[in-house]
Amino acid sequence: MVNIFGKIGALDALADKPTAQFSTRSMQVQFWGRIYNYDTLQQSPETANPAEIVHAMFAINGIEALGRIDGSFIVIITSPEHTIIARDRHGTYAQIYYTDSHYATSLHRLCSMEKGLKPSGGALATFLATGVIPTPHTAFENASKLEAGHALIIGRKVPVQVIALDNYGKRPDMPTNEQEAVELYRHLHTEAIKRRIGRNPQVVGMLLSGGYDSGSNLAALRQCYDGEIRTYSIGFRGDTWTELPLARIMSQHFGTHHAEYEITGEEITQLPSIVRALGDPFVEGGLMVNYAAMRLTANDKLPVILGGDGSDQYFGTACRELALRYMAARCGILPLLKCGKSLLGMIGASDSSMLFKPYFRLLSICNALNGDLFGFTNHATRQLMPRCHVKYRAAVKADNSSWTRLYQLHRKAVDIEKTIDQVILFKASRLADMMGNTMAFPFTDLQLRLLLDQLPMQLLCNTTSVKNMAKGNFSAKYLLKACYRPLLPPEITSKKKQGGFAPMPIFFADTLRRRRLADFILSSSCCSELLHRHHLEAFLRHYDNISNNSWFWFRQNQAIKYFNLLTLAIWWEEYVKNKEVAL
C-alpha cells in the first residue's frame with residue numbers, strides 16, 4: 001500500500017521493486033517497464049537509468065517531457081507538493097484505476113479497497129452495445145481508469161487532475177518522393193524492431209499470420225538479426241478461412257522455428273480467467289485469438305515477442321465507409337441514411353438475416369466515426385436492460401470541411417486513440433501479462449507515428465480522391481506494401497487477408513456446451529438483478545435457430561452478442577458478487 005496525500009494506492013500489477021529509481025532532495029522517480037527510444041533521447045541503453053532520464057527531462061521541460069519517451073511503462077514522480085502517475089502513450093504496461101480516495105493497477109483490488117462501489121448501468125449498457133467501456137469510464141460509478149498517454153496528478157491541496165501527454169518527439173525529415181519515403185519507412189521500421197529486441201538477443205519470438213503486417217515484421221527482423229526466431233500462428237479447426245498454410249509458407253521462407261494452434265471453441269471455458277485479467281468487461285473479435293497465442297507461447301518464456309498490431313490503424317482504416325459518409329454528409333443525405341439505419345434497428349434487422357445486410361452497410365457508413373460496433377442495438381439494449389441506457393457511445397465530432405481533414409481526424413481519434421489504445425493493444429498487452437509474456441509492437445514506434453502523421457494521403461492509401469475511396473479503388477497501407485512486397489513470398493502478397501479476428505460462432509457451435517453457457521447466464525445473479533429475463537431468453541432461443549447458411553457477418557454479429565452476454569454474466573459474479581466463476 002502507498003499513501004499519497006491521503007489517497008491510498010495498491011500497485012499489485014507492478015513488480016515489487018521498480019525497474020529503476022532515482023532520487024534527489026526534492027523529487028523521487030520510480031519507473032516500471034521499458035524505454036525503447038534511447039537513441040532519439042541520446043542515451044545508451046547499456047548504461048542509462050530510465051528513472052534518471054525521466055528526472056533529467058522532467059526537470060527541464062516538466063510533464064511535457066514524458067511525451068518524448070517511447071516505451072511500455074508506468075512512471076511515478078513524487079515531490080513534496082504533488083505526485084504524478086503517468087502511462088506510456090499506448091497504455092501497454094499496466095492500467096491505473098482510481099477514485100477520489102484510492103488508486104490501483106487492479107480493478108479487483110480497487111473494489112476491495114473502495115467499499116460500496118456500485119455498478120454503472122450506463123457503462124454496462126455501453127458494453128453490451130459496443131463490447132468496450134471507453135476510458136476514462138469504468139464499469140463502476142465514481143471510478144475511472146487513466147487513459148493511455150495521460151498522467152494523473154495528485155496534489156496536496158488541489159483536486160486530482162488528468163492531463164494528456166502529447167507526442168513531442170523530433171519528427172523525421174520529410175521525404176521528397178515515394179522512393180525516399182519507402183527507404184525511410186523501411187529504415188525506421190527496422191530501427192523500431194532493433195529497439196524492441198535489444199542488442200545481441202539469443203532468441204526472438206513473433207506472432208505470425210498470413211498477412212503483410214507480421215510478414216513485414218519478419219522480413220525486417222531478418223534484415224538485422226540472423227539468430228533463432230520462433231514464430232507462432234493461430235488457426236480455426238474446420239474453418240476454410242484459416243491462415244495457417246500462409247503462415248507456414250512465411251516461416252519456411254524466412255527460416256523460423258514454427259508452432260501453431262487451432263482454436264476449437266472449447267477455449268471459451270477459459271473466459272472467467274480472461275475476465276479477471278482484463279478488469280472491465282471487454283469483448284472483441286480477436287480476443288480469443290490473442291488468448292490462444294499467448295497460451296501457445298507461455299511455456300517458452302521468451303524475452304520478447306513481436307506483434308504486428310497497430311499497422312492498419314496507423315495508416316487509417318474503414319476508408320471506404322468513411323468516404324461514403326463524407327459524400328453523404330456533403331450531399332445532405334446523411335440524415336436520411338441515419339433514419340434508415342435507426343428504422344431497421346427498431347424493426348429488428350440485427351436479428352434478421354434477410355434485413356441484416358442493408359442494416360450492416362448503413363451502420364458501417366453512419367457510425368464510421370464510432371469505430372467497430374458489433375453488439376446490441378440501442379433498442380435491444382434497452383429491452384435487455386430496461387433501467388439502463390447506453391451512456392458513453394458518443395461519436396467523434398465530424399469535420400466535413402474537407403476530405404483530408406476528416407480522414408486525418410478519423411485516423412487520430414478513432415483508429416489510434418480508440419481502436420489501438422482501448423482495444424487492440426489493451427487486449428494484447430493484458431493477455432500477455434496474464435500469461436507472463438512480454439509483447440512489443442514495432443509498428444507503434446514513435447518515429448513511425450511521426451513520419452506517417454506528416455505524409456500525404458497518397459502515400460498512405462495511394463489516392464487522394466474521395467470518389468476512389470468510396471468505390472474501393474485504393475490500396476490500404478500503400479507505403480508498407482511498397483516497402484515489403486519485394487521481400488515477401490508471392491503467396492502472401494497476392495492473397496486477400498482475413499483479418500485478426502476469430503469466426504465467433506465456433507465458440508457456440510457445440511450444442512451441449514451452448515446449453516451449459518445459456519444455463520449459466522440464466523442462473524447468474526446478473527440475470528435476476530440486471531437483465532430482463534424474457535428478452536434474454538428470447539435472444540438465446542433466437543440464436544439456437546440461426547442457420548449455418550446465413551451471411552457470415554450476420555452469424556458473427558449474433559455470436560458476439562452471445563459473447564457479450566456471457567462476459568457480462570461472468571463479470572457480474574466476479575466483480576459485483578465477488579464469486580469466482582468456472583465454466
Side-chain angles (χ1 to χ4, degrees), residues 119-131 133 139 265-266 268-269 271-272 275 281-283 285 287-288 344-356 359-360 373-391 503-551 553-577 579 581-583:
S120 167
L124 296 177
T126 302
F127 162 73
L128 276 187
T130 67
I133 298 174
E266 62 82 22
I268 199 171
T269 59
L271 190 55
V275 170
F282 175 95
V283 171
L287 177 65
M288 300 309 292
L344 286 170
M346 288 289 289
I347 64 176
S350 62
D351 297 324
S352 165
S353 59
M354 182 177 66
L355 295 176
F356 182 76
Y359 171 77
F360 181 83
L373 300 175
F374 290 119
F376 289 92
T377 63
N378 284 351
H379 177 70
T381 302
R382 284 193 293 270
Q383 289 182 322
L384 283 166
M385 299 176 63
R387 296 185 300 275
C388 309
H389 300 282
V390 176
K391 193 174 182 180
M504 299 296 275
I506 194 173
F507 301 105
F508 306 102
D510 183 88
T511 302
L512 292 178
R513 181 168 60 237
R514 189 170 70 250
R515 287 176 181 171
R516 290 199 303 270
L517 297 177
D519 288 343
F520 168 77
I521 295 172
L522 291 170
S523 63
S524 70
S525 53
C526 178
C527 177
S528 58
E529 298 177 13
L530 182 69
L531 300 174
H532 191 290
R533 188 179 185 91
H534 171 74
H535 291 290
L536 178 58
E537 290 176 336
F539 170 79
L540 297 175
R541 288 194 303 270
H542 157 74
Y543 191 91
D544 288 338
N545 294 322
I546 293 175
S547 169
N548 290 331
N549 296 322
S550 54
W551 189 40
W553 285 110
F554 174 71
R555 290 182 286 113
Q556 184 81 344
N557 179 259
Q558 302 307 307
I560 287 179
K561 291 179 183 179
Y562 210 132
F563 222 103
N564 288 4
L565 287 170
L566 179 61
T567 298
L568 179 59
I570 294 170
W571 183 88
W572 190 270
E573 297 295 332
E574 292 272 349
Y575 283 89
V576 179
K577 297 301 180 181
K579 296 178 181 178
V581 173
L583 293 180

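Between L128 and K561, every side-chain heavy-atom pair lies at or beyond the 4.5 Å cut-off. In this structure the side chain of L124 reaches within 4.5 angstrom of the side chain of P119, judged on heavy atoms. Side chains of L566 and F507 form no contact here, defined as non-hydrogen atoms less than 4.5 Å apart.
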What do the steps show when you test V576 against W571 for side-chain contact (heavy atoms from CB on, under 4.5 Å), and what is the final call? CA-CA 8 Å; V576 179; W571 183 88; 3.6 Å; yes

Could you check C388 against L530 for side-chain contact (heavy atoms from CB on, under 4.5 Å), going step by step and ending with a plain yes or no? CA-CA 9 Å; C388 309; L530 182 69; 4.2 Å; yes

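Here the CE atom belonging to M385 is positioned 11.5 Å from the CG atom belonging to L536, to the nearest 0.5 angstrom. Between F376 atom CZ and L384 atom CG the span is 5.0 Å, to the nearest 0.5 Å. The distance from atom CG of L531 to atom OG1 of T381, rounded to the nearest 0.5 Å, is 10.5 Å. Taken to the nearest 0.5 Å, the NE2 atom of H534 stands 8.5 Å off from the CD atom of Q383. Put simply, CD on E266 and CD1 on I506 are 10.0 Å apart, with the number rounded to the nearest 0.5 Å. Here the CE atom belonging to M346 is positioned 11.5 Å from the OH atom belonging to Y359, to the nearest 0.5 angstrom.
When every heavy atom of S550 is checked against every heavy atom of S547, the shortest pair comes out as OG-O, 2.7 Å. Across all their heavy atoms, P386 and H532 have their closest contact at CD-CB, 4.0 Å. Summarising the geometry of R555 relative to I546, their closest heavy-atom pair is CG-CG2, 3.9 Å, with the distance given to 0.1 Å. Annotation for F282 and F127: closest pair N-CE1, 3.5 Å, computed over non-hydrogen atoms. Looking at every heavy atom in both residues, C526 comes nearest to E573 through N-OE2, 4.1 Å. Between L583 and L517 the shortest heavy-atom distance is CD1-CD2, 4.0 Å.
Looking at R533, its side chain never comes within 3.5 Å of a backbone N or O of C527 through a donor-acceptor pair. Judged purely by atom type and a 3.5 angstrom limit, S352 has no side-chain atom pairing as donor or acceptor with the backbone of G348. Looking at Q558, its side chain does come within 3.5 Å of a backbone N or O of S350 through a donor-acceptor pair.
Pairs passing the side chain to side chain donor-acceptor pair (under 3.5 Å) check and including a residue from residues 508-524, sequence neighbours excluded, read R514-D544.
In this pair, Y562 and F539 present their aromatic rings perpendicular. The plane angle is above 60°, beyond the 30 to 60° band. Between F360 and W553, the angle of the ring planes stays under 30°, which puts this pair in the parallel group of the 30/60° scheme.
Residues meeting the side-chain hydrogen bond (donor to acceptor under 3.5 Å, both in side chains) test with T567, sequence neighbours left out: none.
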